[in-house]
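As structure tokens, the structure follows; a few thoughts come after it.
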Amino acid sequence: MTFGKGCHLHLIDGSAFIFRAFHALPPLTRKSDGLPIGAVSGFCNMLQKYVEDASGPDAPTHVAVIFDKGSHTFRNDMYDLYKANREEMPEALRPQMPLTRRATEAFNIACKELEGYEADDIIATLSVQARELGGRVTIISSDKDLMQLVGGGVEMLDAMKNRRIDVDGVREKFGVGPERVVDVQALAGDSVDNVPGAPGIGIKTAALLINEFGDLETLLDRAEEIKQPKRRQTLIEKRDQIELSKKLVQLDTNTPLDFTLDDLEVKEPDPDVLLPFLAEMEFRTLSKRIADKLGAEAPVIADTPVQAAGDDPAPEAVPFDASAYECVRDLETLEKWVAAIRDRGVVAVDTETTGLDEMTVDLVGISLSTAAGKACYIPLTHKTGASDDLFGGATLVEGQIPLDDALACLKPVLEDDAILKIGQNMKYDAKIFARYGVKVAPIDDTMLLSYALHAGLHGHGMDTLSERYLGHEPIPIKPLLGSGKSAITFDFVPIEEASAYAAEDADITWRLWETFKPQLHREKVTTVYETLERPMVPVLAEMEMAGVKVDREVLSRMSNAFAQKMAGLEAEIHELAGETFNVGSPKQLGEILFDKMSLPGGKRGKTGAYATGADVLEDLAAEGHDLPARVLDWRQLSKLKSTYTDALQDHINPETGRVHTSYIISGAATGRLASTDPNLQNIPVRSEEGRRIREAFVADEGKLLLSLDYSQIELRILAHMADLPAMKQAFAEGQDIHAATASEMFNVPLDQMTPEIRRQAKAINFGVIYGISGFGLARNLRIPRAEAQGFIDSYFERFPGIKDYMEETKAFAKEHGFVRTLFGRRVHTPEINAKGPRAGFAYRAAINAPIQGTAADIIRRAMIRMPAAIADLPAKMLLQVHDELIFEVDENAVDTVTARAREVMEGAADPAVHLNVKLVADAGQGRNWAEAH
DNA sequence: CTAGAGCGCTCG
DNA sequence: GTACGAGCGCTCTAGC
């Protein structure tokens, strides 16, 4: 059939399909030989789904899958940095690229690519040709670069979200019509493709400008007329760069194709070609399904696994469907769910609450899921009426199971040892349930599964995971709750909407569990998950619920004292400046220092503002300038007041009189915890004035605070891992490690050590842990770079194991894309093979991660064993600060607890790892944290 | 008013 | 252009 009026051309962006498939699926391999095949599998499934969906009245008459070919295109000739910061193709994906071409042909769909051109250019050319012949075009892609083609019978279809994008859709995305999209892109640039654009101008501003001036050329010609000085300057100065950007984003509609639209006519797949291909790939489920469709016999695929048995197949994709969720509004229905859970032995659980602070919020509803697509929501305390009316304006919505009845019904399964409860960030839900008298156990946590598998690759929030691994964008909570002043709490969300949202969360959690759990074995992180991640949940939940007592009076007094001092300093600063300004504004301060007073060294950062960091001000103060010296004092007080004495008071729980932080288990890529709301891991200690904040952290009456901290744990780990005999011996002899290092490096006997030499050695020791560089050390010690490099060279000479460790670690990271701690924790370093400064960052992070991560593993092991070790004593573990644990202990039991805790901490590496350096924990005690430290 | 970016500072 | 890993408060700007 000749292409013409009435024809409908579908153009599929093949690369997008492949990458989507690759990232959405676990790393599947072909059973017979282990060839990575996940992307091909996903690609075939997507093609199959496409073919099924594409039938019907709006079916295409012509279709092609378009691929990129080669990494060098004509755009690189215009701009050699085009797509320069693209990550390299993952190793597992490379061999799959040709297979996806074969797959396309096996489905009997035209498969097109052209050396030196991107798929987008071919798509552009074909779209224009089809339009000129009076046909319609649907581009199956979500790539915004293709939006310039929309209009005049050309539309886009985002296959993942199943959303059509027409001219209005483009307008929504870019603020201009398709014909002006390239103008907006030329201004806004694109960090993914490394299109420079105009710095400081994003899509919103670009659209505004284009709409005002009509098009890019007019805008650039009349740039003088722009009112905002910064924009005007940017557009005038960066004109060449903007014009180049336009050429980069403008698609080529005249690519030299060696085929015509007529060649793309839709053809039925040939079973004799397609089925053998699927058999070769060993896609059992898919070949069966397609064989049924084509009315042919499914090919027999031999089952010759090379991998361990118990290797689960990828979960079959069940589409997300909110209408399939059940809203449970009576006890009989809930009992049916409970029976189903008992039958299944496992359930995904999620709670909905009135806020985010587990210690104060109320339970609003519970959702459950027992299979992909099968989920329910149990509304419990949804209300209606005025949410701010404290006098009964809000009333409970009818048709909800009474809270106590529902909990009584669920409690037996939630506490049943034989039933696994899955959650996403289960610590949150477990704490909520605990407050309602339900002790949830045993558990799995999809957030922690992802963390064990993917630390360093991406975040582990549900939205990220769902989009990445399920290809599904969860219902956002924003539209339900609103924002700002008008925001409501979840109990005022209508049950219908709440139900769809909440049940979906449980459904997603279930599917993530199905996706991740089988991968633990394959990726060899089962032990990490089971001994370092999951057991942290109950331990941290206990610590967080215990909280630490904070004396409001102490903070309040300090706050007043700080305020007075600050007022005095502020007056002095204004006096010295000769005008009043906001001392807290780095921008205004910079202008005073470097413009008005013309002090030396005014360096501007990337936003054009002067840098006024402590290092800059210290240099100026050292030259005898009073104003920067006063500002430094003011800043210190300001920090202490706002972040600590003031903000901390707001975190005192009125019921407990204590501060309950929240630890994020998957917060740091290295295995460290992070503390939030409030962060109790950065309470001041280094300055005398700051340290006094710790006096406000107190023990309850009759008790003391006890602190144990690992002495030099990271250097000890380094000495072990890099095998540094001199350092190991110094530790064995209990020497001052920095002095010993200095002695070794500078040939100074210990009894002649000076503080200055020791200080330098200390800086170098830390530098090594951080992935040392001459530049970094020079800046830290404020010495010339060459001198710093000399220090490093002699360090490497005296401790040759260091160099080997660094080289081996780097090589391992480059080969595998991750590094490991002594306990097997993986920390991914995806940028290690990048180009430019990013590689440097990745390299230093790779050096540091095994050291910092091993220390994190060790204290986690100690924390997990601690509750049992002190169970019979009147003591509670309250806080962790990376290498320190803080307890609250009855006065008369302090010595016993110290001994027990020390034993656990010092033996925490055993028996999994035998360190050839001993671990030492120092202890301190007192009425408050300042005394105990 | 609200959201987000950037800066600066706190800790191990 | 750089030391590694985090969280949070303030200012400033853009946009509703």
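No experiment lies behind these values; they were computed from the predicted model shown. Chain naming here is simple, since letters A, B, ... match the order of the sequence lines and numbering starts at 1 in each. Atoms considered below: every heavy atom in the structure, side chains included; atoms not considered: hydrogens, waters and symmetry mates.
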Handout entry: Derivation and outcome, side chain to side chain donor-acceptor pair (under 3.5 Å), residues A/Tyr710 and A/Asp922
Key = CA-CA 6 Å; A/Tyr710 281 112; A/Asp922 297 325; over 6 Å; no
Practice task
For A/Arg779 and A/Ser773, run side chain to side chain donor-acceptor pair (under 3.5 Å): C-alpha distance rounded to whole Å, both residues' side-chain angles, the deciding distance at 0.1 Å, then the answer.
Solution key: CA-CA 10 Å; A/Arg779 210 178 60 159; A/Ser773 74; over 6 Å; no
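One can place OH of A/Tyr843 at 18 Å from P of C/dT2, the figure rounded to the nearest angstrom. Atom pair A/Leu637:CG and C/dC10:P shows a separation of 15 Å (rounding to whole Å applied). Counting to the nearest Å, the C1' atom of C/dG7 and the NE2 atom of A/His651 are 11 Å from each other. One can place NZ of A/Lys227 at 18 Å from P of C/dT13, the figure rounded to the nearest angstrom. Taking atom CD of residue A/Gln228 and atom P of nucleotide C/dA14, one finds them 7 Å apart after rounding to whole Å. Distance A/Leu640 CG to C/dC8 P: 17 Å, rounded to the nearest Å. When rounded to the nearest whole Å, the span between NZ of A/Lys762 and P of C/dA3 equals 19 Å. One atom, CG of A/Leu680, and another, C1' of C/dC8, lie 12 Å apart when rounded to the nearest Å.
Here A/Ala856 lies out of heavy-atom contact (under 4.0 Å) with every strand. A/Ile769 comes within 4.0 angstrom of nothing in the nucleic acid, heavy atoms only. Residue contacts shown for A/Thr676 are limited to sugar-phosphate atoms, with no base heavy atom under 4.0 Å away. The residue A/Ile847 sits apart from the nucleic acid: no heavy atom pair falls under 4.0 Å. Contacts of A/Gln588 with the nucleic acid, taken as non-hydrogen atoms under 4.0 Å apart, involve only primed sugar atoms and P, OP1 or OP2. No engagement by A/Gly771 is indicated, since no non-hydrogen atom pair under 4.0 Å with the nucleic acid exists. A/Arg785 comes within 4.0 angstrom of a nucleotide base, judged by non-hydrogen atoms across all strands. No contact: A/Asp646 has no heavy atom under 4.0 Å from any strand. Using a 4.0 Å heavy-atom criterion, one finds that A/Ala669 contacts the sugar-phosphate atoms exclusively. Residue contacts for A/Ser638: at a heavy-atom cut-off of 4.0 Å it reaches no nucleic acid atom on any strand shown. Among the atoms of the strands shown, only primed sugar atoms or phosphate atoms (P, OP1, OP2) are found under 4.0 Å from some heavy atom of A/Phe841. Within the 4.0 angstrom heavy-atom criterion, only backbone atoms of the sugar-phosphate kind lie near A/Asp677; the bases stay farther away. Residue contacts for A/Ala614: at a heavy-atom cut-off of 4.0 Å it reaches the sugar-phosphate backbone alone, with no base atom in range. Within the 4.0 angstrom heavy-atom criterion, only backbone atoms of the sugar-phosphate kind lie near A/Gly484; the bases stay farther away.
Listed nucleotides: B/dG8, C/dA3, B/dC11. Nearest to the side chain of A/Pro586: B/dG8. Checked against B/dG8, B/dG12, C/dA6, the side chain of A/Arg635 finds its nearest nucleotide in B/dG8. Looking at the side chain of A/Asn682, the nearest of the listed nucleotides C/dC4, C/dG9, B/dT10 is B/dT10. Comparing C/dG5, C/dG7, C/dT11 against the side chain of A/Thr670 picks out C/dG5 as the nearest. Of the candidate nucleotides B/dG12, C/dG15, B/dT10, B/dG12 has the atom lying nearest to any side-chain atom of A/Val685. Residue A/Leu777 has its side chain nearest to C/dA3 when only C/dA3, C/dC4, B/dC11 are considered. Across C/dG5, C/dT2, B/dG12, the shortest atom-to-atom separation from the side chain of A/Ala668 is found for C/dG5. You'll find that the side chain of A/Arg694 is closest to B/dG12, out of B/dG12, C/dG15, C/dC4. Taking the side chain of A/Ser483 as heavy atoms from C-beta on, and the options B/dA3, C/dG7, C/dG15, the nearest nucleotide is B/dA3. Out of C/dC10, C/dA6, C/dA3, the shortest distance to the side chain of A/Arg844 is found at C/dA3.
Looking at heavy atoms from C-beta onward, A/Gln880 lies out of side-chain contact with A/Val539 at the 4.5 angstrom threshold.
Here the separation of B/dC9 from C/dG1, taken at their P atoms, is 22 Å to the nearest Å. Separation of the P atoms belonging to B/dG6 and C/dT2 is 14 Å when rounded to the nearest angstrom.
At C/dT13, one or more side-chain N or O atoms of A/Lys587 fall inside 4.0 Å of OP1 or OP2 (strictly under the cut-off). For B/dG8, one of the phosphate oxygens OP1 or OP2 lies less than 4.0 angstrom from a side-chain nitrogen or oxygen of A/Thr612.
Judged by distance alone, with hydrogens and angles left aside, A/Arg672 brings a side-chain donor or acceptor within reach of the base of B/dG12, the pair sitting under 3.5 Å. With hydrogens and angles left out, the side chain of A/Arg686 and the base of B/dG12 share a donor-acceptor pair within 3.5 Å.
A donor-acceptor contact closer than 3.5 angstrom is absent between the side chains of A/His882 and A/Gln852. Side-chain contact check for A/Gln564 and A/Asn560: no donor-acceptor pair (N or O, by modelled atom type) lies under 3.5 Å.
The residues A/Glu906 and A/Arg716 are annotated as not salt-bridged, no charged nitrogen and carboxylate oxygen being separated by less than 4.0 angstrom. A/Glu544 has no carboxylate O lying under 4.0 Å from a charged side-chain N of A/Arg658, or vice versa, which leaves the two without a salt bridge.
If you find the closest nucleotide of DNA chain C to A/Thr643 and to A/Ile764, the one lying nearer the 5' end belongs to A/Ile764.
Under a cutoff of 6.0 Å and an axis angle of 45°, A/Lys587 and A/Tyr610 do not form a cation-pi pair.
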